[in-house]
Amino acid sequence: MFQKMEDTYKFCVQCKKLPSRLPDPRAMRRCKRCQNIYYCSSECQRENWPIHKKFCRKLKVAAIDRLVEWLIFTGDIPFPTSPWTTSITNIKTWEDWFAMQESLEVKLDAIMAGRYMGILWANAGKPKPENSELRESVKRLTTDFFTRPMTIGFALNTFRVDPYGGPVTIHVVGASHIETLNIRATDYDELAKMFPGNQGLEVVMIGPEVVDGPVMRPPLTAYGPRGRVYVSGYKSLYHDFWETVVENERAARPDLVVGFHPGFHASQGLTEGWLPTLLLLRDYNIPVLFTMYSEHELKYSLQILAELDTRVLGSGQFPFCSQKLEQAQSDPNKHPVSSNAYYLFFRGAVWLDVETSMVELDED
């Protein structure tokens with residue numbers, strides 16, 4: 001399994017040759033510093049060094065994280081967490097969140113000494129990193145697991161949606177295999193711990209690429225269980241889901257909509273895909289938060305929303321982005337990115353009073 005994963009990156013980043021095109025496929029060499037980039041010859045490696053040296057250190061981190069991520073699927077990551085002892089308003093960074101965890105070092109020690117950590121490095125085909133490097137990787141992977149519930153909690157707090165005043169429904173729009181592959185019904189439980197004593201939190205994954213699994217179940221039509229998170233999925237474009245499910249009262253209307261890397265800035269079919277959804281979210285005055293991988297993506301997303309006369313309330317670097325560095329398989333020798341690195345949030349249109357309710361829009 002680890003070898004197949006590594007083989008997807010095994011080509012010369014300078015001339016793009018595959019091992020199969022070499023007289024001796026074993027001649028393919030790997031950068032000894034980062035253990036992440038391959039070359040077909042010492043000549044290619046020398047020619048590429050001026051580019052690679054800019055990213056070598058971070059690509060080493062990305063290579064470690066790519067392997068340690070397996071511990072999420074074994075269940076070793078994340079470590080168990082407890083109900084929050086302070087308001088989300090007081091937790092402003094990942095450092096604050098880690099400081100709140102009881103017996104953090106003991107929990108990290110248990111993962112480091114775990115059976116699957118041993119199996120991983122016995123079969124990875126790479127030198128085992130120093131314990132300090134692995135420990136930091138475990139923490140980065142923990143932030144990667146929790147970045148989505150933290151994003152939702154950040155948005156609830158930003159828009160002052162009160163989970164203690166009544167049940168709350170969150171729609172995750174544009175959900176795909178990234179959010180739903182191997183998802184468990186408990187993956188968003190950190191939200192319930194974020195708001196202990198909440199009146200019920202429902203997270204509905206909606207998108208044409210939602211993967212069948214344990215959360216592929218109908219959304220709630222009545223109040224969810226108090227103090228818990230109910231996760232469901234629906235395979236559909238969001239505006240179709242709204243017309244066929246929400247308007248027919250087969251699902252609750254959202255108090256908040258979140259999109260993780262919606263990508264409408266690069267959509268070739270904006271009119272057919274994202275445009276009806278963006279206009280629906282705007283016209284129904286729904287609080288919305290979207291995340292992006294890069295500042296470039298953020299810039300063009302803001303431009304599209306401005307052209308649609310959307311009331312953008314804020315944007316910038318996201319404090320609870322994943323700390324795990326992700327490498328592009330098609331072009332591995334460049335600066336890695338982080339999930340949810342940037343965000344923007346909006347509500348309604350520039351001409352629309354922010355207090356206009358969904359009921360008033362329906363009547364109109």
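Of all non-hydrogen atoms in R217 and P214, the two that sit nearest each other are CD-O, 3.9 Å. Residues P78 and T142 share a closest heavy-atom pair of CB-CG2, 4.4 Å. Of all the heavy atoms in Q35 and A63, the pair that sits closest is O-CB, 4.1 Å. Minimum heavy-atom separation, P83 to P196: CB-CB, 4.2 Å. Smallest separation of non-hydrogen atoms from A192 and G227: CB-O, 3.5 Å. R30 and G125 make their closest contact through NH2-O, 3.5 Å (heavy atoms, listed as atom of the first residue, atom of the second, distance).
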Below 3.5 Å, can you tabulate the donor-acceptor pairs from side chains in residues 109-116 to any protein atom, sequence neighbours excluded?
from: D109; atom 1: OD1; to: R135; atom 2: NH1; distance (Å): 2.9
from: D109; atom 1: OD1; to: R135; atom 2: NH2; distance (Å): 2.7

What donor-acceptor contacts under 3.5 angstrom involve side-chain atoms of residues 65-75, with partners at least two apart or in another chain?
from: D65; atom 1: OD1; to: S137; atom 2: OG; distance (Å): 2.6
from: D65; atom 1: OD1; to: R140; atom 2: NE; distance (Å): 3.2
from: D65; atom 1: OD1; to: R140; atom 2: NH2; distance (Å): 2.9
from: D65; atom 1: OD2; to: R140; atom 2: NE; distance (Å): 2.9
from: R66; atom 1: NH1; to: Q327; atom 2: OE1; distance (Å): 2.6
from: R66; atom 1: NH2; to: N36; atom 2: OD1; distance (Å): 3.1
from: T74; atom 1: OG1; to: L71; atom 2: O; distance (Å): 3.0
from: T74; atom 1: OG1; to: D76; atom 2: OD1; distance (Å): 2.7

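Side-chain contact of E95 with T93: a donor-acceptor pair under 3.5 Å is present, judged by distance alone. Between the side chains of N157 and T89, at least one donor N or O sits under 3.5 Å from an acceptor N or O. Counting only N and O atoms by type, the side chains of N48 and Y39 include a donor and acceptor under 3.5 Å apart.
Proximity of P254 to I170: side-chain heavy atoms (C-beta onward) are nowhere separated by under 4.5 Å. In this structure, P336 and E326 have side chains that are not in contact, with every pair of non-hydrogen atoms separated by 4.5 Å or more. Here the side chains of T143 and S322 are in contact, with some heavy-atom distance below 4.5 Å. When side chains are defined from C-beta on, M194 counts as touching M150, because their heavy atoms get closer than 4.5 Å. With contacts defined as side-chain heavy-atom distances shorter than 4.5 Å, the pair H52/L59 qualifies. A 4.5 Å side-chain heavy-atom check between Y343 and F154 finds at least one atom pair inside the cut-off. Here the side chains of M100 and T85 are in contact, with some heavy-atom distance below 4.5 Å. Residues F11 and R21 fail the side-chain proximity criterion, which asks for heavy atoms closer than 4.5 Å.
Checking side-chain atoms of R311 against main-chain N and O of F346 turns up no donor-acceptor pair under 3.5 Å. No donor-acceptor distance shorter than 3.5 angstrom exists from the side chain of E136 to the backbone of E133, with no hydrogens or angles considered. At distances below 3.5 Å, not a single donor-acceptor pair connects side-chain atoms of S103 with backbone N or O atoms of V106. Counting only distance, with no hydrogens or angles, the side chain of T310 and the backbone of A349 share no donor-acceptor pair below 3.5 Å. At distances below 3.5 Å, at least one donor-acceptor pair connects side-chain atoms of D255 with backbone N or O atoms of T169. In this structure, N248 contributes its side chain and T244 its backbone to a donor-acceptor pair below 3.5 Å. In terms of modelled atom types and a separation under 3.5 Å, the side chain of E179 and the main chain of M205 share no donor-acceptor contact. S338 contributes no side-chain N or O that, together with a main-chain N or O of A341, makes up a donor-acceptor pair within less than 3.5 Å.
Within a 6.0 Å sphere centred on CZ of R228, other residues, nucleotides and ligands contribute 12 heavy atoms or fewer. By the neighbour-count criterion of 12 heavy atoms within 6.0 Å, atom NZ of K58 is sparsely surrounded, having that number or fewer from other residues, nucleotides or ligands. In this structure, K16 places its NZ atom where more than 12 heavy-atom neighbours from other residues, nucleotides or ligands lie under 6.0 Å away. For CZ of R250, the number of neighbouring non-hydrogen atoms (other residues, nucleotides, ligands) closer than 6.0 Å is greater than 12. The neighbour count for K299 NZ, taken as heavy atoms of other residues, nucleotides or ligands under 6.0 Å away, does not exceed 12. Within 6.0 Å of CD in E295 there are 12 or fewer heavy atoms belonging to other residues, nucleotides or ligands.
Atom CG of L181 sits about 9.5 Å away from atom OG of S176, to the nearest 0.5 Å. Remark: T277 OG1 to D240 CG distance equals 8.0 Å, nearest 0.5 Å. Expressed to the nearest 0.5 Å, how far CG of N333 lies from NZ of K54 amounts to 10.0 Å. In this structure, the separation between CH2 on W242 and OG on S236 is 13.0 Å, given to the nearest 0.5 Å. Distance check: H261 NE2 to T291 OG1 gives 4.0 Å after rounding to the nearest 0.5 Å. In this structure, the separation between CG on L201 and CG on L156 is 7.0 Å, given to the nearest 0.5 Å.
Separation of the F318 and Y342 ring centroids does not fall under the 6.0 Å cut-off. Not less than 6.0 angstrom separates the ring centroid of F290 from the ring centroid of F345. A distance of 6.0 Å or more separates the ring centres of F195 and W84.
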Full working for side chain to side chain contact (heavy atoms under 4.5 Å, CB included) between Q199 and V168: CA-CA 8 Å; Q199 296 299 301; V168 171; over 6 Å; no
Residue pair N285, R347: steps toward the side chain to side chain contact (heavy atoms under 4.5 Å, CB included) verdict: CA-CA 5 Å; N285 199 29; R347 184 176 184 183; 3.2 Å; yes
Check against side chain to side chain contact (heavy atoms under 4.5 Å, CB included), Y238 and L281: CA-CA 10 Å; Y238 188 69; L281 296 172; 3.9 Å; yes
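With F98 as the aromatic partner, K139 meets the cation-pi criteria of under 6.0 angstrom to the ring centre and within 45 degrees of the ring axis. Because its NZ or CZ atom is not both nearer than 6.0 Å to the ring centre of F320 and within 45° of the ring axis, R148 does not count as a cation-pi partner of that residue.
Taken together through direct or relayed side-chain contacts under 4.5 Å among Ile, Leu, Val, Met, Phe, Trp and Tyr, I88 and V161 form part of one hydrophobic cluster. Both L256 and L313 are assigned to one and the same hydrophobic cluster, defined by single-linkage of ILVMFWY side chains at heavy-atom distances under 4.5 Å. Cluster annotation: L120 and I64 are assigned to the same hydrophobic cluster (Ile/Leu/Val/Met/Phe/Trp/Tyr, side-chain heavy-atom contacts under 4.5 Å, transitive). Linking Ile, Leu, Val, Met, Phe, Trp and Tyr residues whenever their side-chain heavy atoms come within less than 4.5 Å places V312 and L279 in a single cluster. A continuous path of hydrophobic side-chain contacts links L280 to V288 [ILVMFWY only; heavy atoms under 4.5 Å].
Ring pair H171/F241 is perpendicular by interplanar angle, where above 60° counts as perpendicular and below 30° as parallel. W274 and F264 have tilted rings, their planes meeting at an angle from 30° to 60° on a 0 to 90° scale.
Screening residues 127-146 for ring-ring contact (aromatic ring centres under 6.0 Å, His included) gives W97-F146 as the qualifying pairs, with residues at least two apart or on separate chains.
Ion pairing of E102 with K107 is absent here, as no side-chain N (NZ or NE/NH1/NH2) approaches a carboxylate O to less than 4.0 Å.
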